[in-house]
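Have a look at the structure below before the remarks.
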Amino acid sequence: MTAEATSSTAFGRDLILTDADFRRICQLIYDRAGIVLADNKREMVYSRLAKRLRLHGMSHFGEYLDRLARQPGAREWEAFTNALTTNLTAFFREAHHFPLLAAHVAGRREPVRVWCAAASTGEEPYSIAMTLSEALGPQLASQSRIVATDIDSDALGKARTGVYPLKQVLEMGEERARQFFLRGSGERIGLARVRQELMSMVEFRQLNLHDAQWPISGPFDVIFCRNIMIYFDKPSQAKILKHFVSYLKPDGLLITGHSENFTYISDDFVLRGQTVYTLRGAAQPKG
Ligand SMILES: C[S@@+](CC[C@H](N)C(=O)[O-])C[C@H]1O[C@@H](n2cnc3c(N)ncnc32)[C@H](O)[C@@H]1O
């Protein structure tokens, strides 16, 4: 065992993660997804990837990484990426954005298109769908589309099922819960499923924002890109913001997370309120 390996196991873990392994993992996830892992994420990396090593009966991270490197097209790459994403989300998270969305689409006669660019396990795109349904009425909402994308195929799989703990759903209020969800019974007691009307408004697709080409077509009335840019460095953020320009309608909104400020990164967007941007030259949004 090398001195480096000894120090890496000092926190009493059974698998061997050396400094060099950790640096290699940071580089791989940066190259693949643009995610920047700080030095203090070492414990997190260990626990998230330990499951993969155990599944393959390995005890050294180096061995796991060597196997990945030998197989550039392996399915394991997807599992590696999924393990290192952080999927924290909630229904109507950062709630002030949803009345703004409702005001932006109020009075429309044409269907609306929204892109949710870090959809995670689905709570955000379904919150958008509920807001559109309330703002547009069921008829026009049913013709509207939410394109919900994420890099993480496991998170998208969960999102597609539309099944959530009932407790979490009831936190939105009885009325929304009843209108938009079905309560599980029998084996599914304690769970709730998104109603078909809402589900059919949302199209889930795998998309890596770090890729040069995106397999979806715009333009969108609103882009939600919340709580994801914080994982990227400034050059990646600038590249993605530039790419968003052609995906947004001239009067469209770009809605971001509370700790994400793009004022110093992009000349294309103007801050119009709490973490809401429009394209430069667009009119002040309603609401
Ligand atoms: C913290 S969650 C935010 C979820 C939701 N937008 C919200 O605010 O509640 C971040 C999401 O970004 C996704 N993600 C990370 N890197 C990505 C990339 N390069 N392309 C697309 N999605 C990515 C993760 O899989 C994760 O689901």
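Numbering of ligands and ligand atoms starts at 1, following listing order. Note that the structure is a prediction, hence the values are computed from the model and not measured.
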- Task: Measure Arg93 to ligand 1 on non-hydrogen atoms and call it side chain, backbone, both or neither using the 4.0 Å cut-off.
- Result: side chain

- Taking atom 4 (C) of ligand 1 as the reference point, the nearest protein heavy atom with its distance: Ala118 O, 3.3 Å

- Task: Looking only at protein heavy atoms, identify the closest one to atom 22 (N) of ligand 1 and say how far it is in Å.
- Result: Ile151 N, 3.3 Å

- Item | Identity and separation of the nearest protein heavy atom to atom 12 (O) of ligand 1 | Ile228 CD1, 3.5 Å

- Task: Under the salt bridge (charged side-chain N to carboxylate O under 4.0 Å, His left out) rule, collect the residues that match up with Glu197, sequence neighbours excluded.
- Result: none

- Query: Has ligand 1 got any nitrogen or oxygen that is less than 3.5 angstrom from a nitrogen or oxygen of Ala90?
  - Reply: no

- According to the salt bridge (charged side-chain N to carboxylate O under 4.0 Å, His left out) rule, which pairs have a member within residues 132-152, sequence neighbours left out? Glu134-Arg176

- With Phe98, the side chain to side chain contact (heavy atoms under 4.5 Å, CB included) member among Thr131, Leu132, Ile255: Thr131

- Can you check whether His243 and Tyr247 have ring centres sitting under 6.0 Å from each other? yes

- Task: Indicate yes or no for a side-chain donor-acceptor contact from Tyr46 to the backbone of Leu15 under 3.5 Å, with no hydrogens or angles considered.
- Result: yes

- Select the closest option to atom 11 (C) of ligand 1 among Asp211, Asp150, Asn87, judged by heavy-atom distance. Asp150

- Message: If we set the cut-off at 4.0 Å for heavy atoms, which region of Phe232 has an atom near ligand 1: side chain, backbone, both, or neither?
- Response: side chain

- Note on the structure: The closest protein heavy-atom partner of atom 20 (N) of ligand 1 is Leu209 N, 2.9 Å

- Message: Starting from atom 16 (N) of ligand 1, what is the nearest protein heavy atom, named by residue and atom, and what distance separates them?
- Response: Ile35 CD1, 3.7 Å

- Query: Does any N or O in the side chain of Asp268 come within less than 3.5 Å of the main-chain N or O of Val245, such that one atom is a donor and the other an acceptor?
  - Reply: no

